[in-house]
Amino acid sequence: MNGYVEAGYLAVLGGLGGYSALLLGKSKKLKKSLLPVKTKNDRDESRPL
Amino acid sequence: MVQSVSGGTGSDQPANSSKAKPRVLPSRRRARRAWLTLGIVVVAIGVLLYKGLGNSLVYFRTASEAVQDRAQLGNRTFRLEGVVVPGSVHATGTGVDFSVESSNVFVQVHDTANPPQLFQPNIPVVLVGHFQGNIFLSNQIMVKHSANYVAAHPDRVATVNGKKL
Amino acid sequence: MESKRYKRVRRAAGIASLLSVAVTVILGLWVTPPDVVQGQLVRLIYVHPPVAWVAYLAYGVTSIASILYLWKRTRNLRWDLLAVSSAEVGVIFTGLTLITGSIWGRPAWGVWWTWDARLTTTALLFVLYLGYLALRRVPADSHQRAVRSAIAGLIAFIDVPIVHQSVVWWRTLHQGATVLNPSLSPKIHGEMATTLLIGFISFTFVYIWMLMQRYQIADLEQRVLDVELEQLIKERRNEPGVGSSQIESTEDVDNADQPSKV
């Protein structure tokens, strides 16, 4: 077309797509961390309380 | 950026996970970083306000206003607005010579920069430059596009702006 | 976790986003005609104003949620989570507004950027809400943070009507509104107008999906905090020689905010 049009559409699709992927990844990770009920022994003991 | 703004609740990651990386910063450093970001933002707001107040309150003077204030303006640099007069456009080696008009007042322009692709007769433009005598010496042409959108007639498509579309 | 209904609505919004954005792109890039003056560049008009509209919308939602938190009768930390979720999505869309505008401005105006009122106030909008998000990262308990950011969010919102009216109030290089102009007479017609409308609808769907997804993350983060704190308290109780009274003062510094009852 003329380069600018393509760049604009790519910016929008890339930006929204990238942010969506980030959101999906984050919620997946959080869900995983909540699923098994962790007991005391699962804790990383090296972390200071 | 997204990463840095995610911590609305203060937890970047599940700390109860056994895989927790020691990525979480201690609170004091986190606080310092937050304040630093905030400081940068405040500075940015200041710069924008300064730029805005300095430029956008009177973004341009129309050709007729500029002629009226000719004496005051001297050879100061400012933005001049007007409609490109048909038939006045002559390409020069480095730029283009033409006239702009507003409210029936004409200003002759000598431009030394490459005009943008939408530059054409009858289009409103904003020029950056200064007066020298009665000629406006412009070193930047900006095309002021209207909010009208009109479908190009299919027969004319191939020649709009003299470009193949 | 999240309710079935929430999940269903979010999925529907997601599917609607994908389909309608695809339609916008196809219409915008291939079906619609070039413009008499702009030629192919007019195609950017099907994404730039819709993206800007979503930014307004997102900040509007942030403001309403902020008011609902500040108002004692409706005070609930969930409003705070909604406010931050919408603000973050708004910042993404404001960023894209600036980027697409700049990409259009270079060939159409001849410059990537100029300090006219519309562009300057939009950049200010972007920075103001970045500030809002930065403010949220300053350690505080959740109520304090919610109040603080609700006020900041409302102050930042003042810029939204200024951005919209800037092309009327001041002289700008940026054109006036095509649809929502003072005379309320759209300056775009036919399939170009239809495509623009579909653009507005499609990016609104994207917003709804993103907001729901982001809100869920905020909610999950809150739960993680709750679990952590519970565990912490349990462990502290089990440790010999540590009184439960000390828990609060020695709590994990990373999680300085008490997850208050929501």
Side-chain angles (χ1 to χ4, degrees), chain B residues 1-2 4-11 14-16 24-28 30-31 33-35 37-38 41-42 44-45 48-49 51-52 54-60 81 115-120 123 126 140-154 156-157 160-161 163 165, chain C residues 33-40 42 45 81 84-85 88 91-92 107-111 114-117 120-121 123-124 127-128 130-131 133-139 142 170-173 175-178 181 187-188 190-192 217-218 221-222 224-225 227-228 231 252-257:
Chain B
M1 179 195 71
V2 174
S4 72
V5 297
S6 62
T9 54
S11 76
N16 61 333
V24 177
L25 301 172
S27 136
R28 213 171 297 156
R30 266 171 81 116
R33 222 170 58 171
W35 283 114
T37 318
L38 217 53
V41 162
V42 169
I45 291 172
L48 287 174
L49 286 176
K51 279 291 193 182
N55 289 274
S56 48
L57 295 183
V58 183
Y59 181 70
F60 57 71
E81 191 246 19
Q117 65 177 77
L118 291 188
F119 179 81
Q120 57 191 287
I123 208 161
V126 174
Q140 183 170 47
I141 301 177
M142 294 181 280
V143 168
K144 191 176 182 316
H145 190 268
S146 76
N148 292 302
Y149 302 98
V150 180
H153 191 280
R156 283 187 47 201
V157 163
V160 167
N161 299 330
K163 281 194 182 70
L165 293 165
Chain C
D35 177 79
V36 157
V37 179
Q38 291 193 44
Q40 302 291 355
V42 72
I45 248 58
L81 299 185
V84 66
S85 302
E88 188 180 300
V91 164
I92 299 284
W109 293 339
V111 287
T114 187
W115 294 105
D116 85 346
T120 308
T121 51
L124 187 64
V127 173
L128 281 172
L130 276 183
L133 294 174
L135 181 68
R136 299 192 62 94
R137 297 186 64 85
V138 173
S142 34
W170 295 286
R171 292 174 171 180
T172 55
L173 186 63
Q175 58 264 49
T178 295
N181 47 35
K187 295 172 178 172
I188 185 165
E191 49 187 340
M192 297 168 104
I217 288 172
E221 279 174 339
Q222 197 66 47
V224 168
L225 275 183
V227 170
E228 267 176 1
Q231 220 162 35
D252 191 338
V253 281
D254 289 331
N255 306 311
D257 41 326

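Residue numbers begin at 1 in each chain, while the letters A, B, ... track the order of the sequences.
Both the backbone and the side chain of C/Val127 come within contact range of chain B, each with at least one heavy atom under 4.5 Å from a heavy atom of that chain. Interface remark: B/Ile45 contributes backbone and side-chain atoms alike to the contact with chain C (heavy atom separation under 4.5 Å). The contact between C/Val138 and chain B is made by backbone and side chain atoms together, counting heavy-atom distances below 4.5 Å.
The side-chain heavy atoms of C/Arg137 and B/Thr37, taken from C-beta on, include no pair separated by under 4.5 Å. Taking the side chain as every heavy atom from C-beta outward, C/Asp116 and B/Asn55 never approach each other to under 4.5 Å.
Interface remark: of the candidates C/Val42, C/Thr120, C/Leu173, C/Leu173 forms the most heavy-atom pairs closer than 4.5 Å to chain B. Counting heavy-atom pairs closer than 4.5 Å to chain B, the top residue among C/Ala123, C/Gly190, C/Gly131 is C/Gly131. Comparing B/Ile141, B/Leu57, B/Ile123, B/Leu49 by heavy-atom pairs within less than 4.5 Å of chain C, the highest count is held by B/Leu57. Heavy-atom pairs under 4.5 Å with chain C peak, among B/Val41, B/Val150, B/Leu48, at B/Val150.
Looking at every heavy atom in both residues, B/Leu118 comes nearest to C/Gln38 through CD2-CA, 4.1 Å. The two residues C/Gly110 and B/Pro116 have their closest heavy-atom pair at CA-CB, 3.6 Å. Across every non-hydrogen atom of C/Ala134 and B/Ala34, the tightest pair is O-CB, 4.3 Å. For the residue pair B/Met142 and C/Val111, the shortest heavy atom distance occurs at SD-CG2, 3.6 Å.
C/Ala117 pairs by the side chain to side chain contact (heavy atoms under 4.5 Å, CB included) definition with B/Ser56, C/Ser166, C/Trp170, C/Thr172, not counting sequence neighbours. Not counting sequence neighbours, the partners of B/Glu81 by the side chain to side chain contact (heavy atoms under 4.5 Å, CB included) test are B/Phe60, B/Thr62, B/Pro124, B/Val126, B/Lys144.
Heavy atoms from other residues, nucleotides or ligands lying under 6.0 Å from CH2 of C/Trp115 number more than 12.
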